[in-house]
Amino acid sequence: MLKLMDADDNKSKRLVSLMKKRGFIQPAFELYGGVAGLYDYGPLGGRLRRNVISKWLNHWISLGNIVEIDSPTITPEPVLKASGHIGAFNDYASECKSCNSIFRTDHLLEGYHNNPDALDNIALDNELLKNKIPCPSCNKSEWLPSEPLNLMFSTIIGANKGGRKAFMRPETAQGMFLQFPSIYRHFRGKLPFGAVQVGKGYRNEISPRQGMIRLREFNMAELEYFIDPEKDINYNLDLWDDVQIKLVPDPGKDELTEKRYTIYNAVKEGVVRDQTVGWFMIKTFELMLELGINNEYIRFRQHEQDEMAHYATDCWDLEIYGSYGWIECVGIANRGCYDLKAHQNVTKSNELKAWRDFENELEIEKYVCSPIQSIVGPRFKEKSKLISDHLEKLDASKINFPFIINIGGEEISIEENMVEIKKVNSIERGEWFTPHVVEPAFGIDRIIWHILEHSFTETSKENDDYYTILKLRNKICPIDFSVYPLFEKDGLDKIALKIIDSIREIDGINVNYDGTKSIGRRYARGDEIGVPYAITIDHQTIDDNTVTLRDRDSQEQKRMSIEELLLFISKY
RNA sequence: GCGAGCGUAGUGUAGCGGUUAUCACCCGGCGUUGCCAACGCCGGAACCCGGGUUCAAAUCCCGGCGCUCGCACCA
């Protein structure tokens with residue numbers, strides 16, 4: 001069943017050639033020799049990318065409680081330190097003096113040290129030496145000093161010497177977390193809500209391979225969905241109840257196995273631990289189908305416990321099958337309250353919280369000590385402020401006079417005449433808490449690559465080896481309609497251009513004219529770049545104002561009036 | 001980062017010390033045909049970059065960059 005690209009290795013090569021030839025995707029800076037991991041989208045690819053992003057945005061924004069935001073790619077160091085990226089990114093690597101192999105230093109020390117992740121480079125080198133760790137490759141034990149393996153691009157903000165250290169963001173998520181106060185205000189405090197951001201992310205990969213799959217600068221699209229972990233939300237989990245989706249749950253110690261579930265059952269049986277994660281799995285699955293990914297080549301794989309990123313508590317990857325095998329294209333993670341808490345801790349801000357009403361108001365009756373300032377003041381002088389603060393926090397119902405309090409190491413006796421016991425009635429309606437976050441994060445470039453692979457169809461026509469049809473979905477394809485005059489004389493070309501003018505008045509339609517070479521060749525050119533419909537102007541058009549509409553995939557043609565055509569296009 | 005192989009028009013390729021750098025598709029113009037990559041003529045377009053060896057380098061050598069594959073890396 002899973003014979004797509006690997007059945008014919010040259011097929012993916014032909015796809016790459018086509019992508020370059022027709023201006024979808026190509027290596028960037030080729031004139032200067034190219035840079036690994038950096039790609040250009042060309043005239044058609046640019047359009048395709050835009051369409052994919054639009055579809056992605058509309059899919060989420062139409063849920064009604066999700067907004068789009070945008071934040072800078074340049075990110076000051078403290079932000080990424082708080083988010084844990086600096087720690088996680090500063091892994092160290094050691095090189096073997098003898099055979100030049102390179103290994104993660106903390107991996108080498110596994111089994112010798114409880115928590116090698118926490119050590120700095122000097123401690124790591126000492127551990128290597130002390131334990132005489134052998135090189136897994138050549139078995140010798142001669143290590144060069146460990147070097148940090150930082151996978152972020154660093155830069156300096158400000159042209160002068162004292163500039164602030166910064167990095168190109170490795171994910172867009174932090175933008176949503178830092179904008180939480182603004183988003184919270186926008187939704188007037190009503191959870192759940194979410195924010196999305198589409199933009200570039202950067203990772204300075206050691207050795208990017210696999211074409212578009214591992215890039216150094218890439219398009220990512222992330223959604224942060226803020227929820228109250230103590231409130232159940234009614235999700236429409238049976239939305240795709242007729243579809244059995246392939247899931248690969250974390251097997252623990254067992255073999256990886258693929259099982260088919262409806263998401264509804266997967267959540268019910270606890271295979272998917274979190275219902276919000278389940279909900280986004282469904283909506284993500286739906287989006288993939290709308291983008292033109294083949295549903296047989298989609299599966300969700302659960303992260304194993306030790307594979308999970310530093311922030312996640314449960315994580316499912318949507319993987320798509322193609323010529324590189326199963327590739328992670330979306331990660332849906334429950335990040336808990338990790339990020340908001342992390343930024344709270346560093347900034348001491350109270351703004352990264354949400355308010356939760358109690359179901360029933362709590363009437364609280366308590367007794368407080370209210371210091372009588374005219375006595376406490378003159379008696380304790382400069383210490384009286386501290387003493388008053390302390391007294392106000394005491395539960396006065398449990399007090400017997402005189403009693404001793406401890407202020408700055410000094411014992412102070414409080415007598416009955418210093419305070420007044422007051423009864424206070426207060427009503428607690430709710431509390432502040434840190435919302436939890438469920439994050440679906442999409443690798444747009446990887447998705448685009450698989451859309452192209454799944455669309456790429458080769459048939460043969462009589463004497464041709466390969467007849468290529470790129471079966472892109474309507475509205476994802478870069479060009480929606482092509483208009484071909486059967487030949488460029490007798491006014492057919494003029495009619496074609498007039499029809500194009502009318503089509504261009506319809507919003508969001510990209511139409512293209514081609515008048516050169518034979519009609520069959522023009523159909524072929526259009527099929528190759530995935531134009532879903534060809535409109536042909538022939539002699540009959542002059543007589544009765546009708547044209548033919550050719551369907552890309554069936555090659556069938558229907559004759560219709562120009563009015564009917566325009567109606568069809570406006571509903572397309 | 002290491003090791004092996006590779007890098008020639010837009011694409012796919014031949015040439016592997018001396019060629020006007022091969023062929024095909026392709027692209028443009030003109031003509032012809034007139035609904036599924038038709039034909040003819042004309043035209044367009046390339047040796048990854050830098051250094052070296054040689055009378056002579058696309059070809060041999062060295063370095064860089066890129067690609068593919070293995071090892072490592074991919075939070």
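Everything quoted here is computed from the prediction, not taken from an experiment. In what follows, chains carry the letters A, B, and so on, assigned in the order in which the sequence lines appear, proteins first and then strands, with residues in each chain numbered from 1.
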Round to the nearest Å and state the distance from [X] atom [atom1] to [N] atom [atom2].
X      : N     : atom1 : atom2 : answer
A:L38  : B:C65 : CG    : C1'   : 13 Å
A:R214 : B:C73 : CZ    : C1'   : 7 Å
A:I327 : B:C74 : CD1   : C1'   : 11 Å
A:E458 : B:A37 : CD    : P     : 17 Å
A:I519 : B:C39 : CD1   : C1'   : 17 Å
A:H303 : B:C74 : NE2   : C1'   : 12 Å
A:Q26  : B:C67 : CD    : P     : 14 Å
A:R525 : B:G10 : CZ    : C1'   : 14 Å

**OP:** Using Watson-Crick or G-U wobble geometry with both distances below 3.5 Å, tell me the partner of B:C2, or none.
**Re:** B:G70
Original post:
Has A:T536 got a side-chain N or O lying under 4.0 Å from the OP1 or OP2 atom of B:C35?
Top reply: no
Original post:
Within less than 4.0 Å of OP1 or OP2 of B:C26, is there a side-chain N or O belonging to A:R521?
Top reply: yes
Under 3.5 Å donor-acceptor pair, [X] side-chain atoms to [N] base atoms:
X      : N     : value
A:E205 : B:C73 : no
A:R22  : B:C26 : no
A:Q555 : B:C35 : no
A:R550 : B:C36 : yes
A:Y32  : B:C65 : no

Nucleotide of [options] approaching [X] most closely (side-chain heavy atoms):
X      : options             : answer
A:Q557 : B:C36, B:A37, B:G34 : B:C36
A:Y523 : B:C36, B:G29, B:G34 : B:C36
A:K20  : B:C27, B:C35, B:U11 : B:U11
A:T516 : B:G28, B:C35, B:C27 : B:G28
A:H85  : B:A75, B:G28, B:A37 : B:A75
A:Y467 : B:C35, B:A75, B:C36 : B:C36
A:K489 : B:G34, B:U11, B:A37 : B:G34
A:S17  : B:G10, B:G28, B:G12 : B:G12
A:R209 : B:G34, B:C69, B:G28 : B:C69

Subject >> Residue pair A:T516 / A:R525, side-chain donor-acceptor N/O under 3.5 Å >> reply: yes
**OP:** Can you tell me, in whole Å, how much space there is between the C1' of B:G18 and that of B:C60?
**Re:** 14 Å
**OP:** Using modelled atom types only, decide if a donor and an acceptor are shared between the side chain of A:R203 and the backbone of A:P170 within a distance under 3.5 Å.
**Re:** yes
**OP:** Indicate yes or no for a side-chain donor-acceptor contact from A:N510 to the backbone of A:I479 under 3.5 Å, with no hydrogens or angles considered.
**Re:** no
**OP:** Describe, in one word, how the ring planes of A:F153 and A:Y202 are oriented to each other, choosing from parallel (under 30°), tilted (30 to 60°) and perpendicular (over 60°).
**Re:** perpendicular
Original post:
Which pairs, with at least one residue in residues 530-544 of chain A and sequence neighbours excluded, count as a side chain to side chain donor-acceptor pair (under 3.5 Å)?
Top reply: A:D490-A:H539, A:Y523-A:T536, A:D538-A:T541, A:D538-A:R559, A:Q540-A:D544, A:Q540-A:R559, A:D544-A:T546
**OP:** Using the six-membered ring of A:W326, assess whether NZ or CZ of A:R301 lies under 6.0 Å from its centre and within 45 degrees of the ring axis.
**Re:** no
